[in-house]
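Structure first, commentary second.
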Amino acid sequence: MPRPDRPELVDSFGRIATDLRVSLTDRCNLRCTYCMPAEGLDWQPDDEVLNHVELLRLVRIAVELLGVTDIRLTGGEPMLRPGLEDLVAEIVGLNPRPRLSMTTNGIGLAKRAPKLVAAGLDRINVSLDTVDPETFKTITRRDRLPHVLAGMAAARDAGLTPVKVNAVLMRGLNDHEAVPLLRFCLAEGYHLRFIEQMPLDAQHGWNRADMITADEILGLLKTEFELSPYPSARGGAPAERWLVDGGPGDVGIIASVTRPFCADCERTRLTADGSVRSCLFSNDETDLRALLRSGAEDEVIADAWRRTMWDKLAGHEINEAGFAQPIRPMSAIGG
Ligand code: SAM
Ligand code: SF4
C-alpha cells in the first residue's frame, strides 16, 4: 500500500504517532536487575550520541513538520544528560508548544525539580518498585531509596503533578509489595502504575513464568482495596486504570505483555544516538544521525522518519512463537 501524502507520522494500520519518546542517554546511575547487569553496559561513545544542537533539531522537526504534540524525555537516566534544563527550555519554546514530561529514577530530583519546572517541564514519572530500603538495594543494586523518595516529594511540591510512579513487580523479589506501594502512593498523592516486566533487559533473562501478570497484580491489590473501573475512556494511554476504594485515588496497570495495546499506540521513539524506531520491540530502525551529519535538509529527515513509521508493524509479537527480543536493551532505546 502506498503511503498517503500527508505530513503526520501515519502508519499503514491508520495509527498516527503524536507522542515522541526521546532517549537523552543510555547511561544510568542505578542497575535495576530487570534492565541491566550489575557491571552496567558498554555505553554509547560520546561522539555517537546526538549533541544538543542535533537533538533539538530532530525534536523541532518532529513538532513542526510531523505533528508531534507530546514529548517524553527518558533514557537510561535522563538527568545524567548535561544541559538538561536548557534542553527543556528550548523544547517548550517550540511552536506549537509540545507537552513535555520526563521519566526518571528520581536521583537528584530533590535539588533539580524547581529548576526543571522553571525551565518548563510539565510532568514527571518516577520509577519506584519498592518502599523497603533493603528491597530497593536488591533491585537497583544501589542504596538510594531516600534520594528517590526525596526527589518525588520535591517534584510534587514544585508542581510537576500529577507525579506518576512506575513500578515493576518481580516474583519472589517485590511481589509482596504491591499493597504497601499503593498505600504509600495514595497517601502521598502519587499516581501508581504497575508495568508488566517485558523482555527488554540487556542480559536477555526475561522469563514469562517469572513475570507478574496484570491479573496477578489485580488479585494482590484486591486483597486490600476495592477496585472499580475508571470512569473516563483510556484513549491511547497504555495504562488501564481503576478507582481505589471509590476514588479519588487510582491505580493503573500497563499490561504490555498480557493485554497489549498496540492497536491504539501513538508512539514514535528517538534513541540517544539518533535512530528512529516505530516500537520498543522493532528490529529495524532508521539512522537519522547519519542524515543530519551529511547535511540533509529538514524535509529529507522528516521523510525518512515518516517512512519508518509507515512500516510500523501491527503489534510487538511478544506472544508469537517466532518473537525475537530486540538487540538494543530498554536503556539504549529509551523506556
Ligand atoms: N532511568 C529512568 C527510570 O528508570 O525511570 C528512565 C528509563 S527506564 C528504562 C524507563 C522505565 O522502564 C522505568 O519505569 C523502568 O522501570 C521501566 N523498565 C525498564 N526495564 C523494564 C523491563 N524489562 N520491563 C518493564 N519495564 C521496564
Ligand atoms: Fe537505570 Fe531506569 Fe534501567 Fe533502572 S530502569 S537501570 S533506573 S535506566
Side-chain angles (χ1 to χ4, degrees), residues 21-41 43-44 72-81 84 101-109 112 123-130 135-145 147-148 151-152 155 160 163-171 173-174 177 181 185 190-208 210-214 217 238-239 252-261 267 269-272 277 280-281 316 318 325-326 328-335:
R21 302 274 149 141
V22 183
S23 173
L24 299 185
T25 176
D26 65 333
R27 293 168 196 243
C28 194
N29 41 11
L30 295 184
R31 296 286 183 272
C32 305
T33 52
Y34 51 76
C35 186
M36 58 175 77
E39 65 278 15
L41 297 166
W43 312 123
Q44 291 159 343
R72 167 81 59 92
L73 306 176
T74 181
E77 178 42 50
M79 287 203 294
L80 295 182
R81 171 98 189 191
L84 172 64
S101 59
M102 179 168 78
T103 300
T104 171
N105 62 28
I107 293 173
L109 196 53
R112 293 173 74 179
R123 239 195 16 77
I124 206 148
N125 280 45
V126 182
S127 302
L128 179 74
D129 307 313
T130 171
T135 312
F136 187 93
K137 231 193 292 179
T138 307
I139 294 178
T140 67
R141 304 181 175 109
R142 300 287 187 272
D143 190 6
R144 307 296 296 271
L145 179 63
H147 300 90
V148 177
M152 294 164 75
L160 289 171
V163 172
K164 293 192 185 172
V165 174
N166 295 353
V168 177
L169 293 181
M170 282 160 293
R171 203 172 297 288
L173 252 180
N174 63 338
E177 294 219 34
L181 254 178
C185 289
Y190 306 143
H191 293 213
L192 178 61
R193 307 276 176 268
F194 290 99
I195 308 177
E196 281 181 344
Q197 190 181 353
M198 295 180 278
L200 284 169
D201 56 311
Q203 317 85 295
H204 289 227
W206 182 84
N207 172 351
R208 185 177 294 270
D210 282 344
M211 178 186 60
I212 307 290
T213 63
I217 297 168
I253 302 183
I254 302 179
S256 316
V257 180
T258 63
R259 301 178 192 179
F261 39 86
R267 301 233 170 114
R269 295 176 182 274
L270 179 63
T271 64
R277 301 171 64 90
L280 267 176
F281 294 93
H316 57 42
I318 299 175
Q325 180 169 341
R328 280 192 197 250
M330 179 81 131
S331 56
I333 298 171

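Both ligands and their constituent atoms are indexed starting at 1 by order of listing.
Using a distance-only test at 3.5 Å, with no hydrogens or angles considered, a donor-acceptor pair links the side chain of Asn174 to the main chain of Val168. Arg123 contributes no side-chain N or O that, together with a main-chain N or O of Met102, makes up a donor-acceptor pair within less than 3.5 Å. Between the Glu196 side chain and the Thr258 main chain, a donor and an acceptor come within less than 3.5 Å of each other. Between the side chain of Gln203 and the backbone N or O of Thr33, at least one donor-acceptor pair lies under 3.5 Å. In this structure a side-chain-to-backbone donor-acceptor pair under 3.5 Å is missing from Arg193 to Ile254. Remark: the backbone N or O of Asp201 is paired with a side-chain donor or acceptor of Gln325 at under 3.5 angstrom.
Of the candidates Met198, Arg21, Arg328, Leu280 forms a side chain to side chain contact (heavy atoms under 4.5 Å, CB included) with just one, namely Met198.
The minimum heavy-atom distance linking Asn29 with Glu77 is given by the pair OD1-CG, 3.7 Å.
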Give one line per pair: atom of ligand 1, protein atom, distance. Only N/O to N/O under 3.5 Å.
{"from": "ligand 1", "atom 1": "1 (N)", "to": "Gly76", "atom 2": "O", "distance (Å)": "3.0"}
{"from": "ligand 1", "atom 1": "1 (N)", "to": "Glu77", "atom 2": "OE1", "distance (Å)": "3.2"}
{"from": "ligand 1", "atom 1": "4 (O)", "to": "Ser127", "atom 2": "OG", "distance (Å)": "3.3"}
{"from": "ligand 1", "atom 1": "5 (O)", "to": "Thr104", "atom 2": "O", "distance (Å)": "3.2"}
{"from": "ligand 1", "atom 1": "5 (O)", "to": "Ser127", "atom 2": "OG", "distance (Å)": "2.5"}
{"from": "ligand 1", "atom 1": "14 (O)", "to": "Ser127", "atom 2": "OG", "distance (Å)": "2.7"}
{"from": "ligand 1", "atom 1": "14 (O)", "to": "Asn166", "atom 2": "ND2", "distance (Å)": "3.1"}
{"from": "ligand 1", "atom 1": "16 (O)", "to": "Tyr34", "atom 2": "OH", "distance (Å)": "3.1"}
{"from": "ligand 1", "atom 1": "23 (N)", "to": "Tyr34", "atom 2": "O", "distance (Å)": "3.1"}
{"from": "ligand 1", "atom 1": "23 (N)", "to": "Met198", "atom 2": "O", "distance (Å)": "2.9"}
{"from": "ligand 1", "atom 1": "24 (N)", "to": "Met198", "atom 2": "N", "distance (Å)": "2.8"}

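Listed by chain and number, the protein N, O or S atoms at a distance under 2.8 Å from atom 3 (Fe) of ligand 2 are Cys35 SG.
Residue Met170 holds its CE atom at 10.0 Å from OG1 of Thr135, rounded to the nearest 0.5 Å.
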